[in-house]
Amino acid sequence: ALPGLIPTPSSAQRGSLRTGRLPVGEMAALEVVGGAVGSEVGQTSDRKRPLPEDAGAMTLAAGSCASAAAAAAAVAPAIAAGPPPSKAGKAAAPVEVSVARSGRGNNRPHQCKFCGRRFKAEDALESHVREKHWDDPELLSALRPSSTTEALGSTLRIVFEDGLLAVVVKPQGCPTTGKASMARADWLLRQLRRSNDPDALRQPRPVHRLDAGTGGLLVFAKTTGAVRALSESFAAGRVRKRYRALVLGRLELGREGTCEQPLYGKPCCTRYLVALAPVQLAFGEGIEWVSTLDLWPTSGRRHQLRRHLQFMGWPILGDRRYGGSVASGPASAASATPVELAEPSQEACEPPSDGESEAGASDGGGGAVGTPMCLWAIQISFPHPSGEESIGEVHADIEEPDVYSRIRAGFEGPRIPPSARAPEGGAGAAGAAGAEGAEGAEGAEG
């Protein structure tokens, strides 16, 4: 179609073009298909693409050209002059030249703000940022905003760590496992030291769970052996945990007891102790007593602490699901019966470890605006997974969260009405509906 511009390719060059085996310097090829000239420019030996057998009237190889640019420059004048007339005297179809480009910028619209690398999908970009730039101070600004990433933050709070395990603080508002969970917060888990053991995990793994609305101590294993040993300790009941909760109801300081109400048709037990004197707070139009309890679950059932406290008539402050929201108050919790709590339901598939689920916001954690679910795991003790007597037990504890003291002082969430604080020692007795319900429930605990 364009005689004389580029030498006719030899038979060897035609064969090389068909199989895509030309050397890198000769891979600038022009093909005329149905009157259109297309160029294959910049093809490399590791991206071979065979040309079609019916390549039109002529296939031109740039074997004699120094580069693809020279081939394109040679063709340009003929294209500008237009196609020559055909033998019948009619003008041939217009010749169009298109240059194939990689198009990396066009089909990869998502660019990393740290290194400039581009990606086709936003998920791929986020994985890259979390993998390569996890230690950048601006990491969270590069991730897709969500309530979970905001709750997790950018710094991991480590309470205990060695080569086999770590005890960290899980913030409220994020599940332990699953999508957008603590277990997948790789930018946080990379702040832990990697184990040098041969069975080291690629990333530390949680060996028990806490509700999304529950904050506090969470144990991660760094090796497969530690996962196995710690899981056995949880299953055998060799792990001791203490929680602190703010509950609706008036309980005098020092009061203690147990709740052995079965859940899901299985026995379970929770021991409690009133840690601080109760305070009286204003909830909208009403006034309620709020008490501070320490809780020791000796078994692990799904939502065990929340259900047991609801059964005793002292729902956890901020627990919408089990009667602790500001709107409902303790009266709704007192209506729960032993049958309702013991009857198995769709939730009866309890986790294999400590019984706290990984449910998200739908589990009802969190009450009125500004009032989180007031339940935190503040202490944990368990045998070290190495089994060495010289190491003994791992013991970790933290203070109660600052929000507790702010709530009790009336600076956050409920308000303290004037002259409504309980006297030291919590004198008194059964004035609130929650306390009355508790007396009846306590008699049934055995």
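Along the sequence shown, residues are numbered consecutively beginning with 1.
Taking each heavy atom of Leu217 and Ala396 in turn, the nearest pair found is CD1-O, 3.4 Å. The shortest heavy-atom contact between Ser154 and Leu188 is C-CD2, 3.6 Å. When all heavy atoms of Arg302 and Tyr264 are compared, the pair lying nearest together is O-OH, 3.0 Å. Taking all atoms of both residues into account, the shortest heavy-atom contact from Leu246 to Arg408 is CD2-NH1, 3.6 Å. For Arg250 against Pro278, the heavy-atom pair with the smallest separation is CG-CG, 4.1 Å. Between Pro175 and Lys179, the shortest heavy-atom contact is CG-O, 4.0 Å.
Using a distance-only test at 3.5 Å, with no hydrogens or angles considered, a donor-acceptor pair links the side chain of Arg194 to the main chain of Arg202. Put simply, the side chain of Ser299 gets close to the backbone of Cys269: a donor and an acceptor are under 3.5 Å apart. Without hydrogens or angle criteria, Glu161 side chain to Arg193 main chain gives a donor-acceptor distance under 3.5 Å. The backbone N or O of Leu164 sits nowhere less than 3.5 Å from a side-chain atom of Thr223 that would complete a donor-acceptor pair. Not a single donor-acceptor pair under 3.5 Å links the side chain of His208 to the backbone N or O of Leu218. Asp294 places no side-chain N or O within 3.5 Å of a backbone atom of Arg244 that could act as its donor or acceptor partner. Checking side-chain atoms of Ser405 against main-chain N and O of Asp402 turns up a donor-acceptor pair under 3.5 Å. Gln191 contributes no side-chain N or O that, together with a main-chain N or O of Arg157, makes up a donor-acceptor pair within less than 3.5 Å. The closest donor-acceptor contact from the side chain of Arg242 to the backbone of Gln379 lies at 3.5 Å or more, if one exists at all.
Between the OG1 atom in Thr224 and the CG atom in Asp197 there is a gap of 9.0 Å [rounded to 0.5 Å]. In this structure, CG on Leu293 lies 10.5 Å from CG on Leu305, to the nearest 0.5 angstrom. Here SG of Cys259 is found 5.0 Å from CE of Met312. Values are rounded to the nearest 0.5 Å. For the atom pair Lys222 NZ and Leu201 CG, the distance stands at 10.5 Å (nearest 0.5 Å). To the nearest 0.5 Å, atom CD of residue Glu122 and atom NE2 of residue His110 are 5.5 Å apart. Considering CZ of Phe234 and CZ of Phe382, their distance stands at 6.5 Å, rounded to 0.5 Å.
With respect to Trp314, the ring-ring contact (aromatic ring centres under 6.0 Å, His included) criterion is satisfied by exactly one of Tyr322, Tyr272, Trp289: Tyr272. The side-chain contact (heavy atoms from CB on, under 4.5 Å) test with Leu248 is passed by exactly one of Ser291, Pro315, Cys374: Pro315.
Scanning for ring pair (Phe, Tyr, Trp, His ring centres under 6.0 Å) contacts around His384 gives an empty result, with sequence neighbours left out.
In this structure, Met182 and Phe220 have side chains that are in contact, with non-hydrogen atoms separated by less than 4.5 Å. You'll find the side chain of Leu295 reaches within 4.5 Å of the side chain of Leu375, heavy atoms only. With contacts defined as side-chain heavy-atom distances shorter than 4.5 Å, the pair Pro267/Pro262 does not qualify.
The pair Glu393-Arg240 meets the salt-bridge criterion, with a side-chain N (NZ, NE, NH1 or NH2) lying under 4.0 Å from an Asp/Glu carboxylate O.
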Listing, residues 165-173 side-chain donor-acceptor contacts under 3.5 Å, not counting sequence neighbours, or none:
{"residue": "Lys170", "atom": "NZ", "partner": "Cys174", "partner atom": "O", "Å": "2.7"}
{"residue": "Lys170", "atom": "NZ", "partner": "Asp211", "partner atom": "O", "Å": "3.2"}
{"residue": "Lys170", "atom": "NZ", "partner": "Ala212", "partner atom": "O", "Å": "3.4"}
{"residue": "Lys170", "atom": "NZ", "partner": "Thr214", "partner atom": "O", "Å": "2.9"}
{"residue": "Gln172", "atom": "OE1", "partner": "Trp376", "partner atom": "NE1", "Å": "3.3"}
{"residue": "Gln172", "atom": "NE2", "partner": "Gly213", "partner atom": "O", "Å": "2.9"}
{"residue": "Gln172", "atom": "NE2", "partner": "Met373", "partner atom": "O", "Å": "2.5"}

